[in-house]
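Here the structure comes first, spelled out in structure tokens, and everything after it is commentary.
Being a predicted model, the structure only gives us computed values, none of them experimental. The analysis underlying the following values was restricted to heavy atoms, covering all of them including side chains, and did not include hydrogens, waters or symmetry mates.
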Amino acid sequence: MTESGNIKYNTKGEKPSKGYEVVRVRNIVNAKEVLDNFKNAVLTFLKNKNIHYEDPKWKELLPQGIVNKVKQLDDDDYGYDELLDDIDMAIYNFQDIKKWEWYSSLETEKGFDIIVKGDFNAMFISFIHCQNVPLDNIRIIDADKEEIYELKTIKDYTTYKILK
């Protein structure tokens, strides 16, 4: 199945036999909305990956639940919270260094898991994190190494600002 197919149809937490990581998000009330926005952002990227990262069209194509929140961030937010990216930089990262492939997802009561083949770089957390998801609620788990990575930054923007 293609990566787009995996995003749409592998929704029961299916796992490959090896070589995968889990992006685990917990303790958020709007988990389905955050997951759907992230899924739609990745699907949009896959369909339009040849559009230049600085093209303003991205702000129309990406889910408005992400775009509207990113518009509320300012230079101080980006300065304190290195895991935030504006739309241009997020798309640039997807185009330049995406070394993972969506395998499946699983919704939980107040969260979700995304299972990816390859290495999920923390830079791609931006489209999840910008939706008012504190970094304390996000983990990356390397299944092969059985290691859990916590995400840290100078100051998580969610400690002083909630985006509408």
Next on the checklist: Check this for me: does any side-chain nitrogen of one of E3 and K98 sit under 4.0 Å from a carboxylate oxygen of the other?
Outcome noted: yes
Next on the checklist: Within the 4.5 Å heavy-atom criterion, are L35 and V25 side-chain neighbours or not?
Outcome noted: no
Checklist entry - Below 4.5 Å, heavy atoms only, C-beta onward: do V22 and V116 meet side chain to side chain? => result no
Next on the checklist: For K49, is there any backbone N or O sitting under 3.5 Å from a side-chain donor or acceptor partner on Q95?
Outcome noted: yes
Checklist entry - E60 side chain to P56 main-chain N or O, any donor-acceptor pair under 3.5 Å? => result no
Next on the checklist: Determine whether a donor-acceptor pair (N or O, by modelled atom type, separation under 3.5 Å) exists between the side chain of N137 and the backbone of V133.
Outcome noted: no
Next on the checklist: If I take atom CG from residue L43 and atom CG from residue D36, how far apart are they, to the nearest 0.5 angstrom?
Outcome noted: 10.5 Å
Checklist entry - Does some side-chain heavy atom of Y92 sit less than 4.5 Å from a side-chain heavy atom of I97? => result no
Next on the checklist: Tell me whether K59 is salt-bridged to D86, with the criterion being a basic N under 4.0 Å from an acidic carboxylate O.
Outcome noted: no
Next on the checklist: Quick check: do N132 and Y157 have side-chain heavy atoms less than 4.5 Å from each other?
Outcome noted: yes
Checklist entry - Nearest 0.5 Å, what's the NE2-CZ distance between H129 and F38? => result 13.5 Å
Item to check | Side chains of Y149 and D142 in contact at under 4.5 Å (non-hydrogen atoms) | outcome: yes
Item to check | Heavy-atom side-chain proximity of I125 to L135 below 4.5 angstrom | outcome: yes
Next on the checklist: Just so I know, are the side chains of I114 and W102 near enough to count as touching, which here means a heavy-atom distance under 4.5 Å?
Outcome noted: yes
Checklist entry - Within the side chain of S104, is there an N or O that forms a donor-acceptor pair under 3.5 Å with the backbone of E14? => result yes
Checklist outcome for this item: Taking every heavy atom of L46 against every heavy atom of S4, the minimum-distance pair comes out as CD1-OG, 3.7 Å
Checklist entry - Is the backbone of E82 close enough, under 3.5 Å, to the side chain of T153 for a donor and an acceptor to pair up by distance? => result yes
Checklist outcome for this item: So CD1 of I115 and CZ of F120: to nearest 0.5 Å the spacing works out to 12.0 Å
Checklist entry - For the side chain of Q64 and the backbone of L62, is there at least one donor-acceptor N/O pair under 3.5 Å apart? => result yes
Item to check | Spacing of CD1 belonging to I87 relative to SG belonging to C130, to within rounding of 0.5 Å | outcome: 7.0 Å
Item to check | Pairs meeting criterion salt bridge (charged side-chain N to carboxylate O under 4.0 Å, His left out) with involvement of residues 68-80, two or more places apart | outcome: D74-K161, D77-K161
Item to check | Flag for Y103-E101: side-chain donor and acceptor within less than 3.5 Å | outcome: no
Checklist outcome for this item: Distance col, row F94:CZ vs Y53:OH, nearest 0.5 angstrom, shows 16.0 Å
Checklist entry - If only atom types and distance count, is the side chain of T108 paired as donor or acceptor with the main-chain N or O of G111 below 3.5 Å? => result yes
Checklist entry - Sequence neighbours excluded, which residues qualify as side-chain hydrogen bond (donor to acceptor under 3.5 Å, both in side chains) partners of N40? => result none
Checklist entry - Taking it one step at a time, do I141 and E147 satisfy side chain to side chain contact (heavy atoms under 4.5 Å, CB included)? => result CA-CA 6 Å; I141 303 164; E147 292 180 349; over 6 Å; no
Checklist outcome for this item: In this structure, CG of D119 is separated from OH of Y20 (nearest 0.5 Å) by 14.0 Å
Checklist entry - Any sub-3.5 Å donor-acceptor pair from R26's side-chain atoms to F112's backbone N or O? => result yes
Next on the checklist: Between S126 (side chain only) and M123 (backbone N and O only), is there a donor and an acceptor less than 3.5 Å apart?
Outcome noted: no
